[in-house]
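Scroll down for the structure; my scribbles are underneath it.
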Amino acid sequence: MLERLKQLREDAKRELEPVSDPAALEQWRVSYLGKRGRLTLTLRGVGKLPPQERPAVGRLANEIKTHLERAFKERAEELRRALLAKELAEASIDVRLPGRQQSLGYLHITTQTLREIYAIFADMGFQVLRSGEVEDDLTNFQLLNMPPGHPARDMWSTFYTTRPGVLLRSHTSPGQIHAMRKHYPRPIRVILPGKCYRYEQITTRSEQMFFQVEGLAVGRNITMADLKGVLVSFVRQMFGSERRLRFRPSYFPFTEPSAEVDIDCILCGGEGCQLCKHTGWLEILGSGMVHPTVLQNGGYDPEEFSGFAFGMGVERICMLKHGITDIRYFYSNDLRFLQQFG
Ligand code: 2NL
């Protein structure tokens with residue numbers, strides 16, 4: 001029996017020698033150490049030996065078992081390393097190749113337009129001011145000369161929150177009230193950009209969220225000539241130095257008098273086309289002299305101070321400038337649109 005075991009050990013050693021792949025190694029393991037392997041069967045037979053032979057045979061068999069198990073583990077590890085080395089050698093990285101080009105990000109077309117507007121007004125002494133998108137009824141409407149029930153409130157379909165009197169601002173004008181209350185009694189020259197919200201039918205011309213930029217100047221001896229000068233300068237820098245402007249009487253509750261500003265159509269130059277609906281003019285912003293009641297609500301005495309204000313839709317300005325025909329492109333995240341401005 002001892003001889004057979006020693007023979008088994010020699011056989012196992014010899015057969016393991018040429019094993020060079022995981023499948024052959026597994027086969028070797030099964031044939032010696034598996035359930036029906038040679039060593040396993042031998043160990044099972046120990047019980048049938050005469051009692052005096054059992055200890056020596058058992059000891060040797062266990063020794064061989066430990067030995068073969070260790071040999072198996074070592075060879076498995078050797079094979080794993082050899083395979084890894086082979087893979088590394090074959091799939092080596094060529095460090096001399098150029099890296100993959102990283103694409104740089106760019107600003108959204110709305111942000112680019114906003115920054116153009118800031119730059120033009122900054123040259124005329126206007127500071128950028130920001131205020132919250134959530135407002136109260138008092139600041140969004142009442143202080144802007146629209147008491148509860150005022151018909152002008154129907155110009156905007158406002159989003160109200162579940163908290164009474166708290167709403168999403170329907171225009172940037174409430175920010176101007178904050179500006180006046182903060183800066184009184186100093187003169188003011190600010191522009192106020194930001195998101196506004198209106199519960200409206202979504203069409204090619206209107207989204208429920210859009211950007212406005214409002215401007216406000218308050219001081220002594222400010223007249224409508226100042227309003228005109230500032231707006232003519234802005235429009236010509238934004239749309240070209242040859243632009244003609246038309247100030248058309250209009251109505252806003254917070255200005256008196258009020259005017260809407262048109263430019264001669266940038267497509268047809270005033271001849272009449274689809275863009276200008278054959279009028280020759282494009283409406284680009286609303287403006288006026290700050291209503292005395294609104295000045296007073298901001299803390300300024302209308303007998304001593306006067307001011308002008310204006311407001312424009314940023315996407316509309318951008319659409320006219322770039323010939324964009326549908327406002328829904330702005331925020332639907334279609335890269336085919338956005339990348340044109342990258
Ligand atoms: C438009 C017209 C406008 C104003 C906004 C304003 C603000 C204060 C006082 C007076 Cl605190 N006016 N803002 C004035 C005239 C027109 O916006 O069509 N915007 C898109």
Side-chain angles (χ1 to χ4, degrees), residues 110 113-114 117 121 126 129-132 135-136 138-146 150 152-158 169-184 187-198 200 205-219 222-224 226-228 230-231 234-235 238 246-263 281-300 302 305-320 327:
T110 302
T113 310
L114 279 167
I117 297 171
F121 283 108
F126 286 78
L129 187 104
R130 288 170 201 282
S131 74
E135 274 292 350
D136 53 22
L138 184 71
T139 327
N140 197 77
F141 289 120
Q142 295 172 45
L143 296 177
L144 287 159
N145 217 13
M146 288 174 280
H150 192 287
R153 287 187 180 214
D154 296 348
M155 290 183 354
W156 309 280
S157 310
T158 310
R169 65 177 177 200
S170 54
H171 48 183
T172 41
S173 310
Q176 308 287 22
I177 297 287
H178 296 302
M180 285 192 274
R181 293 189 160 188
K182 181 174 156 200
H183 290 294
Y184 173 82
I188 300 174
R189 236 183 276 174
V190 292
I191 54 170
L192 215 146
K195 288 174 186 167
C196 303
Y197 302 85
R198 291 180 194 175
E200 283 183 352
R205 299 156 63 88
S206 64
E207 277 266 25
Q208 298 195 342
M209 188 284 297
F210 56 94
F211 280 78
Q212 265 195 358
V213 171
E214 264 202 28
L216 175 72
V218 176
I222 290 183
T223 70
M224 205 152 180
D226 300 307
L227 164 76
K228 252 189 116 169
V230 164
L231 292 180
F234 165 70
V235 165
M238 199 70 190
R246 179 170 78 168
F247 285 75
R248 181 164 39 81
S250 184
Y251 170 79
F252 298 108
F254 27 81
T255 47
E256 183 61 35
S258 305
E260 276 171 272
V261 178
D262 303 334
I263 56 173
W281 295 98
L282 298 169
E283 180 193 322
I284 55 161
L285 53 84
S287 65
M289 299 306 289
V290 181
H291 194 287
T293 305
V294 177
L295 273 179
Q296 203 145 36
N297 291 339
Y300 290 82
F305 291 91
S306 58
F308 66 81
F310 55 88
M312 66 188 97
V314 179
E315 292 85 357
R316 177 162 172 80
I317 299 280
C318 180
M319 286 167 78
L320 290 173
I327 198 172

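Every number for a ligand or one of its atoms is a count from 1 in the order of the listing. Sequential numbering from 1 along the given sequence is applied to the chain's residues. Keep in mind that the numbers below use all heavy atoms, side chains included, and drop hydrogens, waters and symmetry copies.
- For atom 1 (C) of ligand 1, the nearest protein heavy atom (residue, atom name, distance) is Gly311 O, 3.4 Å.
- Atom CD1 of Ile222 is separated from atom CZ of Arg189 by 7.5 Å, given to the nearest 0.5 angstrom.
- Here the protein heavy atom with the shortest distance to atom 8 (C) of ligand 1 is Leu144 CD2, 4.0 Å.
- Numbered from 1 in the order shown, with element, the atoms of ligand 1 that lie under 4.0 Å from a heavy atom of Thr255 read 10 (C), 12 (N), 14 (C), 15 (C).
- Residue Thr158 holds its OG1 atom at 8.0 Å from CZ of Arg153, rounded to the nearest 0.5 Å.
- Within the structure, ligand 1 lacks Leu295 among the residues with a heavy atom less than 4.0 angstrom away.
- For atom 11 (Cl) of ligand 1, the nearest non-hydrogen atom of the protein is Gln176 CB, 3.1 Å.
- Residue-level proximity to ligand 1 for Leu285 is absent, since no heavy atom of it falls below 4.0 angstrom.
- Side-chain atoms of Gln176 and His171 include no donor-acceptor pair closer than 3.5 Å.
- In this structure, the protein non-hydrogen atom closest to atom 4 (C) of ligand 1 is Phe254 CE1, 3.4 Å.
- Summarising the geometry, atom CE belonging to Met312 is positioned 7.5 Å from atom CD1 belonging to Ile284; distances are rounded to the nearest 0.5 Å.
- Of all the heavy atoms of Glu214, the ones lying under 4.0 Å from any atom of ligand 1 belong exclusively to the side chain.
- Atoms OG and CG, from Ser173 and Leu144 in turn, are 5.5 Å apart once rounded to the nearest 0.5 Å.
- Not a single donor-acceptor pair under 3.5 Å links the side chain of Thr113 to the backbone N or O of Val314.
- Residue-level proximity to ligand 1 for Glu260 is absent, since no heavy atom of it falls below 4.0 angstrom.
- Ring geometry for Phe121 versus Phe310: interplanar angle under 30°, hence parallel rather than tilted (30 to 60°).
- Here Ser258 has no heavy atoms under 4.0 Å from ligand 1, in either its backbone or its side chain.
- A side-chain donor-acceptor contact under 3.5 Å links Arg169 to the backbone of Gly132.
- Close contacts of ligand 1 with Gln212, meaning ligand atoms under 4.0 Å from a residue heavy atom, involve 19 (N), 20 (C).
- With a 4.0 Å heavy-atom cut-off, ligand 1 is reached by the side chain of Phe252 but not by its N, CA, C or O.
- From Met289, atom CE reaches atom CZ of Phe308 across 7.5 Å, with rounding to the nearest 0.5 Å.
- Among protein heavy atoms, the minimum distance from atom 12 (N) of ligand 1 is reached at Ala309 CB, 3.2 Å.
- Residue nearest to atom 9 (C) of ligand 1, selected from Ile177, Val294, Val261: Val294 (by heavy-atom distance).
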